[in-house]
Amino acid sequence: MSVVTRFAPSPTGFLHIGGARTALFSWLHARRHGGRFILRVEDTDRDRSTEEATRAILEGMHWLGLDHDEGPYFQSERGERYREVLDDWLATGKAYYCFRTKEELDELREAQRARGEKPRYDGYWRDNDETPPEGVTPCIRFKNPLEGEVVFDDRIRGRVAVANAELDDLVICRSDGSPTYNFCVVVDDYDMGVTDVVRGDDHVSNTPRQINMLRALDVEPPNYAHVPMILGPDGKRLSKRHGAVSVMQYAEEGYLAEALMNYLVRLGWAHGDQEIFSRGEMIEHFDLGDVNHSASTFNPEKLRWLNQQYLKSLHPDDVAWRLRYYLEQAEIDPASGPHLADLVKAQRERSTTLVELVESSRFLFQDFLEWDEKAVRKHLGGAATEPLERVRAELAGLEFPEGWNAAAIHEAISGVAQELELGMGKVAQPVRVAVSGTPVSPPIDTTLELLGRERTLYRLDRAIGRTREAA
RNA sequence: GUCCCCAUCGUCUAACGGUUAGGACACUGCCCUUUCACGGCAGUAAUAGGGGUUCGAAUCCCCUUGGGGACGCCA
């Protein structure tokens, strides 16, 4: 049988790291086996679901390249089908109306907790012919088996067993007529032919209930694979209300989708000692059976490292193309500076994100107004006047653009250093501070090549003004 | 509280009964060097604790401890 997996987020917020990894594993499993990957939006809770969240999730999936073969389906559009099953179960005694009010249930649970018991519905209306109380709109509950145990073989953690005595009759339809999550999942997974349910760890305890409902539907349950949670740096579970960050936030911060995917796939899964995986390699090697059993902690440092690895290995034109967006976000006109691919080649070894790359390159597009005072004191004192003037004179002799290249610039600068019997540092650093305002930039010849002749000479003049004053 | 699950360096992980317990991030040192990086080399650092099983246990079993999840007319 061909594999069918699904990702089924509830549209109550953005797509965060945890959800993205679950989606990735599910997608990978489908791709690995040449199966289909379905996207299904679980919006049965109409109060909390928003269209905006749906869009955000779709956007995140798209950015990561997690393409679906079917959907997105919306549970909110499948009401008729749910009603049909509900009516059938009611008619055949697999489900029943429950007239317990919210208040009664709260009381019940409180008392149970006080007695040290597991809080649960007491089954009062399960087999009850009493006349229903006035004015109470009932909800519908599923008749969970009272005896025996539910066993399933989790693809990730192996055999899991839960006694039916631990399970109560859960609400499958609210008193307002809307079906609930656990019920919809069961109907949908069956209708959509899902063969492998890959989902978060937090769903293990739902699984036995869902299996019981599947049995009520008279179908065999799918395979289940519960992937462990992702923890924040504090060791606490990453959730929407606790430190979870939208994947699109990473996009905004200049991370590459490839890097994030690579980071995510290695969180809870490994293939020997391999750290870098192309999309194809992930698909080729991924196996649910190799997924770890324990939760893992999100490590931003490693993500940064990976991002730089991708920055360095991707084609410069590709990176340059993506860079435009970040330049514009930083209010930099991409046309007002060096060729972007050349810029990428020069800066990617010292940038971990595209945002960083943009910031450290700003001086190549715009005149800087702020100087790094410490660097000025150190490198633009009176002693720097002569080297700077000499360099300026040499560079002024180079024609632009034919003679303006790193090799010629390097020759000019090292020539000055030799003439003045100074180390390269004594010449290059003043020049660097002069043109960038900081003590850090790519190799000075490359920096000047990227900056261009006109800007270079202007900034050298400006700096010489300062060194003279300092003298 | 009850049920379920989990446990190798600080972090991500390798090992699928026999290894000096390997790799990666981070950290430290050295090398390279016109700065910062990149890169190279080296180093610190782990099988939670206790019992079994076995010739042999990180690996299998039990207990303890610690962590997580679930216990909704949320998903």
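Letters A, B, ... mirror the listed sequences (proteins, then strands); counts begin at 1.
Atom P of rA46(B) sits at a distance of 23 Å from the matching atom of rC41(B), rounded to the whole Å. Going from the C1' atom of rA21(B) to that of rU35(B) covers 41 Å, rounded to whole Å. Across rU13(B) and rU59(B), the matching C1' atoms stand 16 Å from one another, rounded to whole Å. The gap from the P atom of rC55(B) to that of rG40(B) amounts to 47 Å, rounded to the nearest Å. Rounded to whole Å, the separation between the P atoms of rC25(B) and rG52(B) comes to 41 Å. Comparing rA45(B) with rU8(B), their C1' atoms are spaced 12 Å from each other, to the whole Å. Only the C1' atoms considered, rC62(B) is 15 Å distant from rA57(B), to the nearest whole Å. Taking the P atoms as reference points, rA58(B) lies 10 Å from rA48(B), given to the whole Å.
Contacts of Pro443(A) with the nucleic acid, taken as non-hydrogen atoms under 4.0 Å apart, include base atoms. Across all strands shown, Gly200(A) has no heavy atoms under 4.0 Å from either base or sugar-phosphate atoms. The residue Ile444(A) sits close to a base: some heavy atom pair falls under 4.0 Å. Using a 4.0 Å heavy-atom distance criterion, Thr44(A) is classed as a sugar-phosphate-only contact. Within 4.0 Å (heavy atoms only), Pro9(A) reaches no atom of the nucleic acid at all. Note on Lys426(A): nothing from the nucleic acid sits closer than 4.0 angstrom, heavy atoms only. Residue-level contact check: His203(A) touches the bases, meaning some heavy atom is under 4.0 Å from a base atom. No contact: Asp168(A) has no heavy atom under 4.0 Å from any strand. Within the nucleic acid shown, Ser296(A) comes within 4.0 Å of sugar-phosphate atoms alone, with no base atom in reach, counting heavy atoms only. As judged by a 4.0 angstrom heavy-atom cut-off over every strand, Arg115(A) is placed among residues making no nucleic acid contact.
Nucleotide rG43(B) has rC27(B) as its partner under the Watson-Crick or G-U criteria, with both atom distances under 3.5 Å. Pair assignment for rU53(B): none, as no Watson-Crick or G-U wobble contacts are both less than 3.5 Å. With a cut-off of 3.5 Å on both pairing distances, the Watson-Crick or G-U wobble partner of rC3(B) is rG69(B). In this structure, rU19(B) forms no base pair with any nucleotide, since neither Watson-Crick nor G-U wobble geometry is met with both distances under 3.5 Å. rA58(B) makes up no base pair with any nucleotide shown, lacking Watson-Crick or G-U wobble contacts both under 3.5 Å.
Remark: His285(A) engages His271(A) in a ring pair (Phe, Tyr, Trp, His ring centres under 6.0 Å) (not counting sequence neighbours). Remark: Arg392(A) pairs with Asp461(A) by the salt bridge (Lys or Arg N to Asp or Glu O under 4.0 Å) rule, at least two apart or across chains. Judged as a salt bridge (Lys or Arg N to Asp or Glu O under 4.0 Å), and not counting sequence neighbours, Glu394(A) has no contacts. Remark: Lys143(A) engages Asp127(A) in a salt bridge (Lys or Arg N to Asp or Glu O under 4.0 Å) (not counting sequence neighbours). Ser361(A) pairs by the side-chain hydrogen bond (donor to acceptor under 3.5 Å, both in side chains) definition with Gln347(A), not counting sequence neighbours.
No donor-acceptor pair under 3.5 Å is formed between the side chain of Glu42(A) and the backbone N or O of Val185(A). In terms of modelled atom types and a separation under 3.5 Å, the side chain of Arg266(A) and the main chain of Gln274(A) share a donor-acceptor contact. Between the side chain of Asp169(A) and the main chain of Asn144(A), a donor-acceptor pair closer than 3.5 Å is present. In this structure, the side chain of Arg453(A) engages the main chain of Leu398(A) through a donor-acceptor pair within 3.5 Å.
Atom CD in Gln210(A) sits about 15 Å away from atom C1' in rC71(B), given to the nearest Å. Look at CZ on Arg199(A): it is 13 Å from C1' on rA70(B), rounded to the nearest Å. Atom CZ in Phe277(A) sits roughly 12 Å away from atom C1' in rC12(B) (whole-Å rounding). Protein atom CG of Asn206(A) is 8 Å distant from nucleotide atom C1' of rA70(B), rounded to whole Å. Between the OH atom of Tyr181(A) and the P atom of rA70(B) there is a distance of 12 Å, rounded to whole Å. In this structure, the CD atom of Glu107(A) is 17 Å from the C1' atom of rG72(B), given to the nearest Å. Distance, Arg350(A) CZ to rC36(B) P: 11 Å, rounded to whole Å. Ile276(A) places its CD1 atom 18 Å from the P atom of rC12(B), with the value rounded to the nearest Å.
Annotation: cation-pi pair Arg78(A)/Tyr73(A) absent, no NZ/CZ under 6.0 Å from the ring centroid and within 45° of its normal. For the pair Arg100(A) and Tyr124(A), the cation-pi test (distance below 6.0 Å, angle within 45°) is passed.
Within the structure, the side-chain hydrogen bond (donor to acceptor under 3.5 Å, both in side chains) test picks out the following pairs touching residues 148-161 of chain A (sequence neighbours left out): Asp154(A)-His226(A), Arg155(A)-Asp196(A), Arg157(A)-Asp201(A). Among residue pairs with one or both ends in residues 136-165 of chain A, those qualifying as ring-ring contact (aromatic ring centres under 6.0 Å, His included) are Trp89(A)-Phe142(A), Phe152(A)-Tyr224(A); sequence neighbours excluded.
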Protein-nucleotides 57-59 of chain B N/O pairs closer than 3.5 Å?
none

Polar atom pairs (N or O), protein with nucleotides 42-46 of chain B, under 3.5 Å:
none

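A close approach under 4.0 Å does not occur between any side-chain nitrogen or oxygen of Thr438(A) and OP1 or OP2 of rU35(B).
Nearest-nucleotide mapping onto RNA chain B: of Gln429(A) and Ala270(A), the residue sitting toward the 5' end is Ala270(A). Along RNA chain B, the nucleotide nearest to Ala428(A) and the one nearest to Thr101(A) differ in position, and the one closer to the 5' end is contacted by Ala428(A).
No side-chain donor-acceptor contact under 3.5 Å links Thr180(A) and Asn182(A). Using modelled atom types, one finds a donor on one side chain and an acceptor on the other under 3.5 Å when comparing Tyr310(A) with Asn262(A). Neither side chain, Gln112(A) nor Arg115(A), offers a donor N or O lying under 3.5 Å from an acceptor on the other. Looking only at atom types and distance, the side chain of Thr12(A) has no donor-acceptor partner in the side chain of Arg48(A) under 3.5 Å away.
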TODO: Can you check each nucleotide of nucleotides 2-8 of chain B against protein heavy atoms at under 4.0 Å and return B for base, S for sugar-phosphate only, - for none, in 5' to 3' order?
DONE: BSSSSS-
TODO: Summarise how protein sits on nucleotides 19-25 of chain B as a single string, 5' to 3': B when a protein heavy atom is under 4.0 Å from the base, S for sugar-phosphate-only contact, - for no contact.
DONE: ---BBBB
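Taking only side-chain atoms of Arg432(A), from C-beta outward, the nucleotide of rC73(B), rU35(B), rU11(B) with the closest atom is rU35(B).
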Throw together a table of side-chain donor-acceptor distances under 3.5 angstrom for residues 407-414 of chain A, partners on residues two or more places apart or in other chains.
from: Ser414(A); atom 1: OG; to: His410(A); atom 2: O; distance (Å): 2.9
from: Ser414(A); atom 1: OG; to: Glu411(A); atom 2: O; distance (Å): 3.3

